[in-house]
Amino acid sequence: MHCLAKRHSKFMRLVQIGQSSEGRPIYLAQIHPSTGKSDRIIFVDAGMHAREWISHAVALNLIHRLLHHNSNHTISWHVLPVVNPDGYVYSHEVDRLWRKTRSRGSSARCYGVDVNRNFGFHWGGTGARKFSCDPTYGGESPFSEPETRAYRDHVLRHKPSLKAVISLHCYGQLLLYPWGFTSRHHPKHEPLHQIGEKMARAMARSRGTLYTSGQVHSTLYPASGGALDWVSASTEAPFTYTIELPDTGTMGFITMPSQIEPIAQEVWDGLRTLRQEVYQLYREKKI
Ligand code: 0X9
Ligand code: ZN
């Protein structure tokens with residue numbers, strides 16, 4: 001990322017948006033259109049869950065594509081490939097299937113908080129655990145983790161400009177929209193579903209991978225304190241999706257390197273469709 005930012009200094013800026021609990025920098029790539037910095041941003045994050053390595057790889061690949069396929073859309077992209085660097089390193093060095101961060105609260109028995117249960121919107125509700133040894137432990141309090149706070153502060157800093165937020169995860173071939181904390185429909189349920197379906201159709205184009213679009217709570221499972229529930233409640237961003245990328249047959253969270261390119265291609269097809277929708281709304285002066 002440092003190399004790319006240097007080589008493409010006209011378009012890409014690397015920003016440190018925070019630090020993990022073990023002191024690792026959390027880097028964000030900002031990629032601007034050739035017409036200059038835009039006040040419409042699509043934000044893509046990955047690596048919230050340590051073991052979901054395909055998400056980190058797809059985010060890096062996205063940065064590459066954004067730099068090499070110049071478009072005439074006046075939209076800026078923010079790409080955050082490693083939300084949880086401590087967990088990522090731990091999944092390389094100690095436990096390949098580690099999910100959480102690597103902090104330990106004063107009253108906690110085990111290490112690690114699930115970043116995607118640590119956000120301050122319906123924190124601690126259904127689908128989040130109170131016991132520190134559980135994989136979906138939500139932490140001692142909302143935003144207890146520096147990683148979650150870095151994400152929150154970045155979103156709030158760009159709040160008026162955020163038009164779409166995409167969180168990359170695996171696995172399941174799903175395109176999920178809020179809410180996760182309740183089965184009730186989101187106020188923007190209809191457009192979220194419709195654009196989700198449109199993205200899914202685009203994502204099936206290159207090799208037929210079928211993504212199912214639906215609400216988190218009913219399509220996957222109840223989940224409270226998630227990043228995108230919080231983003232959707234705290235900003236005006238019209239589009240918020242969690243993408244559960246495909247797995248390789250029977251290996252779950254472990255995706256073969258040969259799958260990086262084809263999966264990145266599908267995601268790119270979906271994101272281009274999303275960008276078109278954002279652009280369309282802007283031209284109709286709806287955002
Ligand atoms: O449970 C999660 O955090 C995500 N699934 S995963 O297998 N990658 O862990 C789903 C997140 C759904 N999004 C919201 N809770 N809003
Ligand atoms: Zn995940």
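The model shown is predicted, which means the values in this text are computed figures rather than measured ones. When a ligand or atom number is given, it counts from 1 through the structure's own listing order.
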Indicate, with yes or no, if the rings of [X] and [Y] have centres closer together than 6.0 Å.
| X | Y | result |
| --- | --- | --- |
| His69 | Trp268 | yes |
| Trp230 | Tyr151 | no |
| His56 | Tyr88 | yes |

Worksheet item: Which protein N, O or S atoms lie under 2.8 Å from the Zn ion (ligand 2)?
Response: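 Within the sphere that stays under 2.8 Å of the Zn ion (ligand 2), the protein atoms of type N, O or S are His49 ND1, Glu52 OE1, Glu52 OE2, His169 ND1.
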Worksheet entry | Non-hydrogen side-chain atoms of Leu176 and Leu220 separated by less than 4.5 Å |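 Result yes, sub-4.5 Å side-chain heavy-atom pair found.
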Discussion item. Closer than 4.0 angstrom, basic N to acidic O: yes or no for Arg129 and Asp134?
Written reply: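 Looking at Arg129 and Asp134, the cut-off is met.
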Worksheet item: Would Glu261 and Arg65 pass as an ion pair if we require N to O under 4.0 Å?
Response: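 Salt bridge present between Glu261 and Arg65.
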Worksheet item: Using a threshold of 4.0 angstrom between heavy atoms of the protein and any atom of ligand 1, which residues qualify?
Response: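 Residues near ligand 1: His49, Glu52, Arg99, Asn116, Arg117, His169, Cys170, Val216, Leu220, Tyr221, Ala223, Asp229, Thr242, Glu244.
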Worksheet item: What residue among Asp114, Asn84, Thr101 forms side chain to side chain donor-acceptor pair (under 3.5 Å) with His49?
Response: Asp114
Worksheet entry | Within 45° cone of Phe131 ring axis and under 6.0 Å: Arg109 NZ or CZ |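 Judged by the rule (NZ or CZ under 6.0 Å from the ring centre, within 45° of its axis), Arg109 is not positioned above Phe131.
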Discussion item. Is it the case that the side chains of Ser183 and His217 hold a donor-acceptor pair, with the cut-off being a distance below 3.5 Å and no angle test?
Written reply: no
